[in-house]
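Quick notes on the structure that follows.
Values below: every heavy atom of this structure, side chains too, minus hydrogens, waters and symmetry copies. Just so you know, ligand 1 is whichever comes first in the structure, and atom 1 is the first atom listed for that ligand. We're numbering straight along the sequence, starting at 1.
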Amino acid sequence: MKAAHSLHLLLGVVLLAGCQRSAEPPSQADAPRKITIALLPKSKGNAYFVSCKKGADRAARELGVELLFDGPTDPDPAKQNEIIENWITLGVDAIAAACENKEGISTALRKARARGIRVITYDADALPEAREFFVNQATPEGIGNALMDEAARLCGGEGEFAIITASLTAANMIEWQRCIEARRATRHPNMRMVALRPCDDLKDRAQAEATALLSAYPNLKLIMAICSPAVPGAAEAVKQAGKAGRVRVIGLGLPSENRRYVKEGVTDTVILWKTEDLGYLTVHAAHALVTGRLKAGDKTFRAGALGEFEIQGDNIVLGEPFAFTKDNIDQYDF
Ligand code: RAM
């Protein structure tokens, strides 16, 4: 009886509490607000950025942040600016941008910063004052030297080669090309770059450019494709021209998009970093800026499961690039 009485009392308290809760919902201010991080790729359709997003999603889940991912379908600097303007209006906490046009995007990013939004860049930088940190996939020298040394090795140290780049305005492409040329001049002076062609970061356009290069330069020994869609694009052109093995293909690309050509012997070497890790590190860095765990002048940065990264000035560096050849390409699935 006593027990039944207590149970009624207890039920009463619970019901009452329940009634009070529904009558007075907690105010928005009481609920912890979720941090929103907005991630801008150069283009949404590029498998490179789809892979970055995978890592970014994982970081967002771990950190309990809301991740917005939006970008142009194909590379389009004006569309990138529009998306940033939308995020400014929405009042996101942080923007992480891979910039198609270094100068073009910087005004919008500066405006975001003036509104209190924390801004970083990844993959391709903006002007330094338009962001606080750049999450750099590898040093430009590391990338440039690796590409140029490999090209020279495949060509026996001499001969003509051409570069297919994404665009003439993206900071990463400009920097890498500068480093490729520096390495060529100092270490491989008998290698001659005969052409530099942009492909708008599109495979079909890269294939068309490579086809044109093959007929314009009959002595061409190698095509170096320095944006990811250009590597399979150049390979397809060389294959269709029946020049596999005579004109070598190397570049910066995803193992998944190049596996077939590497195995067929059309493409020799593909160089890249772990794109998922780049997305993961970027979201961790954006979150740390918002929460105050990352500040100007820091020398290292810890990003969850990936551990510690070196900060060089205002560049958080992901690490060394990898080289994929037919001997190891099957071990990678991105
Ligand atoms: C392209 C993008 C990106 C670059 C990679 C290698 O997909 O342009 O900026 O880092 O290639």
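Ring planes of Phe324 and Tyr332: perpendicular class, angle over 60° (limits at 30 and 60°).
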Side chains of residues 299-308: which donor-acceptor pairs under 3.5 Å do they make with residues two or more places apart or in other chains?
none

Just the distances, no angles: every ligand 1 N or O to protein N or O pair closer than 3.5 Å, one line each.
from     : atom 1 : to     : atom 2 : distance (Å)
ligand 1 : 7 (O)  : Asn46  : ND2    : 2.8
ligand 1 : 7 (O)  : Ser228 : OG     : 2.5
ligand 1 : 8 (O)  : Lys42  : NZ     : 3.1
ligand 1 : 8 (O)  : Asp201 : OD1    : 3.3
ligand 1 : 8 (O)  : Asp201 : OD2    : 2.6
ligand 1 : 9 (O)  : Lys42  : NZ     : 2.8
ligand 1 : 9 (O)  : Asp123 : OD1    : 3.4
ligand 1 : 9 (O)  : Asp123 : OD2    : 2.5
ligand 1 : 9 (O)  : Asn172 : ND2    : 2.8
ligand 1 : 10 (O) : Tyr48  : OH     : 3.4
ligand 1 : 10 (O) : Asp123 : OD1    : 2.7
ligand 1 : 10 (O) : Asn172 : ND2    : 3.4
ligand 1 : 11 (O) : Ser228 : N      : 2.8
ligand 1 : 11 (O) : Ser228 : OG     : 3.4

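Residues Lys44 and Asp74 are not paired through a salt bridge, judged by the lack of any N-O separation under 4.0 Å between the basic side chain and the carboxylate.
With Asp268 as reference, Arg248 is the one residue of Lys221, Arg153, Arg248 to meet the salt bridge (Lys or Arg N to Asp or Glu O under 4.0 Å) rule. Of the residues listed (Lys274, Lys54, Glu62), the one engaging Tyr280 in a side chain to side chain donor-acceptor pair (under 3.5 Å) is Glu62, and it is the only one.
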> Please walk me through it: do His287 and Asp93 pass side chain to side chain donor-acceptor pair (under 3.5 Å)?
Replying inline: CA-CA 9 Å; His287 179 261; Asp93 295 288; over 6 Å; no
